[in-house]
Peer 1: 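To start, I am sharing the structure in question, which I have written as structure tokens.
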Number of protein chains: 2
Amino acid sequence: MPKGVTKRRPRTRAALLQAALECFAEQGFRAASIEQICESAGYTRGAFYSNFNSKEELFLALFDAHSEQLLDRMTTLIDSTELTLQGLVDALADIEPAERDWYLVTTEFTLHAIRDPQAAAALAQHDAQLRAALARGLTHCLTRAGRTLTVDADELARLLIAVREGGLAQSYVEPEQLPPGQLERRFLPGVLTAFTTEG
Amino acid sequence: MPKGVTKRRPRTRAALLQAALECFAEQGFRAASIEQICESAGYTRGAFYSNFNSKEELFLALFDAHSEQLLDRMTTLIDSTELTLQGLVDALADIEPAERDWYLVTTEFTLHAIRDPQAAAALAQHDAQLRAALARGLTHCLTRAGRTLTVDADELARLLIAVREGGLAQSYVEPEQLPPGQLERRFLPGVLTAFTTEG
DNA sequence: CGCATCCGATACGTCTATGCATCTGATACG
DNA sequence: CGTATCAGATGCATAGACGTATCGGATGCG
């Protein structure tokens, strides 16, 4: 641990990350300038270059922070003793307003990952953790409901995530036509019974 | 019809669109420079500004061209007399290699649409047409197979599209782990029986 | 309370993309 | 075959983002 100041740095770093989220969501990664982010955070570029080496590094840090937080929420939800199937569906279908910004940022990060193997590796790792947690929750709830999967749990988790991401895209393009979470509520229960069998 | 040249213009326009597809796919809309696109097409920026007013206009034209072409393929497929349910699933699951570039570009356009109401309107219209075609094909095939839908056809079409888009994202991030089309092949048949009833 | 250290601000130079204004050469028509 | 017109090339001026090098001020410790 360095001698000097220990309170300022984390605060400005957090402020920059928060501002980056908003700016990236609003304008996209490439269009958002470092200066805009700093201004929005109440700092100058000096602060930025003191905390990050490049806009890409900031992007990755932002994604990492979000992934970790998301995984935490997911695992605590799944390890809660009273989790039902409906509860799991609800968790997937309840989309908070703040989710929109994250959708924009993570989707752009996905596009970046498709182009850049290094980012792809990072994304794949986070996705695998999330999928594993979801798969574990699924088997857990299903067995408790007296049903067993007829397909691979991990692959079913992939399907659920695909529905969620694909559904969010449609919802955010035309919120009036498709409220966020509607696809999940309408179809997931049926899907879960379709790919399980009693006992 | 103008007097002057009639053959050069369409050719360079097409070349610019094709080059734009490649550059946008490779680098993203904002990162790809007009100059790169022109160079890749074998022209200079003079040609570009003669055919388009801005990079955004080019982007929109590219998206429009692709949408129209996609809708054409879809409708001819659906109106083919011998289309079976399996044929429809296959059509959704068979992902050509060229699809990757289009995925990158259209997904970026979707992000753009989420931010810009005008683009959202254009995207929503194209999506609605595609969904309508798909819904028509679904009901058509299902009734011929002696089954009737228990859910709204348009909403089911939304689900299929969500699965496809969400699945493509995962496939392109880790092609080794999830071959394109695998989710569709594994799950769509079961989904289609789950949300239909005999007779 | 004084001081060393580190954080963030300021100022500068550089580079790249853009858009326009002008020019040249190709095309279609008389 | 000559010519008017238009597509596309060339050159330049501008703007904005980036990165660094340096400076000032706040912080925590002795």
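Lettering of chains follows the sequences in order, A, B, ..., and the numbering in each one begins at 1.
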Peer 1: Starting at CG of A:Leu16 and ending at C1' of C:dC7, how long is that distance when rounded to a whole Å?
Peer 2: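 Going from A:Leu16 (CG) to C:dC7 (C1'), I get 12 Å.
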Peer 1: Would you compute the distance between atom CG of B:Leu71 and atom CG of B:Leu134 and round it to the nearest 0.5 angstrom?
Peer 2: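 It is 11.5 Å, given to the nearest 0.5 Å.
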Peer 1: Within the structure, does a side-chain N or O atom of B:Lys7 lie under 4.0 Å from either OP1 or OP2 of C:dT27?
Peer 2: no
Peer 1: What's the verdict on side-chain contact (heavy atoms from CB on, under 4.5 Å) for A:Ile37 and A:Leu58, showing C-alpha distance, side-chain angles and the deciding distance?
Peer 2: CA-CA 11 Å; A:Ile37 294 168; A:Leu58 171 66; 4.0 Å; yes
Peer 1: Which salt bridge (Lys or Arg N to Asp or Glu O under 4.0 Å) pairs, counting each pair once, include a residue from residues 112-127 of chain A, with sequence neighbours left out?
Peer 2: A:Arg115-B:Glu108
Peer 1: Within residues 20-33 of chain A, which residues have any heavy atom lying less than 4.0 Å from an atom of DNA chain C?
Peer 2: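 Here the set is empty: none.
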Peer 1: What is the distance from CD1 of B:Ile34 to P of C:dC20, rounded to the nearest Å?
Peer 2: 11 Å
Peer 1: Enumerate the residue pairs fulfilling salt bridge (Lys or Arg N to Asp or Glu O under 4.0 Å) with a member in residues 63-76 of chain B, sequence neighbours excluded, ordered by first and then second residue.
Peer 2: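 Qualifying pairs: B:Arg73-B:Glu96.
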Peer 1: Write down the distance between CD (A:Glu35) and P (C:dT10), rounded to a whole number of angstrom.
Peer 2: 11 Å
Peer 1: I want to check one thing: is the phosphate of C:dC7, taken as OP1 and OP2, less than 4.0 Å away from some side-chain N or O of A:Asn51?
Peer 2: no
Peer 1: Show me the pairs that pass side-chain hydrogen bond (donor to acceptor under 3.5 Å, both in side chains) and involve residues 136-164 of chain B, at least two apart or across chains.
Peer 2: A:Gln170-B:Arg158, A:Glu174-B:Arg158, A:Gln182-B:Glu155, A:Arg186-B:Glu155, B:Asp79-B:Arg136, B:Glu99-B:Arg164, B:Arg131-B:Asp154, B:Arg147-B:Thr196
Peer 1: Got a list of side-chain donor-acceptor pairs under 3.5 Å for residues 38-50 of chain A, not counting sequence neighbours?
Peer 2:
{"residue": "A:Thr44", "atom": "OG1", "partner": "A:Gly46", "partner atom": "N", "Å": "3.4"}
{"residue": "A:Ser50", "atom": "OG", "partner": "A:Arg9", "partner atom": "NH2", "Å": "3.3"}

Peer 1: With sequence neighbours left out, what residues match B:Phe63 under ring pair (Phe, Tyr, Trp, His ring centres under 6.0 Å)?
Peer 2: B:Phe109, B:His126
Peer 1: Table please: side-chain donor-acceptor pairs of residues 21-31 of chain A below 3.5 Å, with sequence neighbours left out.
Peer 2:
{"residue": "A:Glu22", "atom": "OE2", "partner": "A:Gln18", "partner atom": "NE2", "Å": "2.8"}

Peer 1: In this structure, how many angstroms lie between the P atom of D:dA17 and the NZ atom of A:Lys55, rounded?
Peer 2: 9 Å
Peer 1: Without decimals, in angstroms, what is the distance between B:Arg9 CZ and D:dT5 C1'?
Peer 2: 13 Å
Peer 1: Among the nucleotides D:dG25, D:dG28, D:dA7, which one has an atom lying closest to any side-chain atom of A:Arg8?
Peer 2: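 Nearest listed nucleotide: D:dG25.
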Peer 1: What is the distance, to the nearest angstrom, from the CD atom on B:Glu39 to the P atom on C:dA17?
Peer 2: 11 Å
Peer 1: For A:Ser54, which contact category applies under a 4.0 Å heavy-atom criterion: base, sugar-phosphate, or nothing?
Peer 2: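 No contact.
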Peer 1: Which residues pass the side chain to side chain contact (heavy atoms under 4.5 Å, CB included) test with A:Ala93, sequence neighbours left out?
Peer 2: A:Glu184, A:Arg185
Peer 1: Contact list please: residues 40-50 of chain B against DNA chain C, heavy atoms, distance less than 4.0 Å, in numerical order.
Peer 2: B:Arg45, B:Tyr49
Peer 1: A:Gln36 has an atom CD; how far is it from atom P of D:dC18, in whole Å?
Peer 2: 9 Å
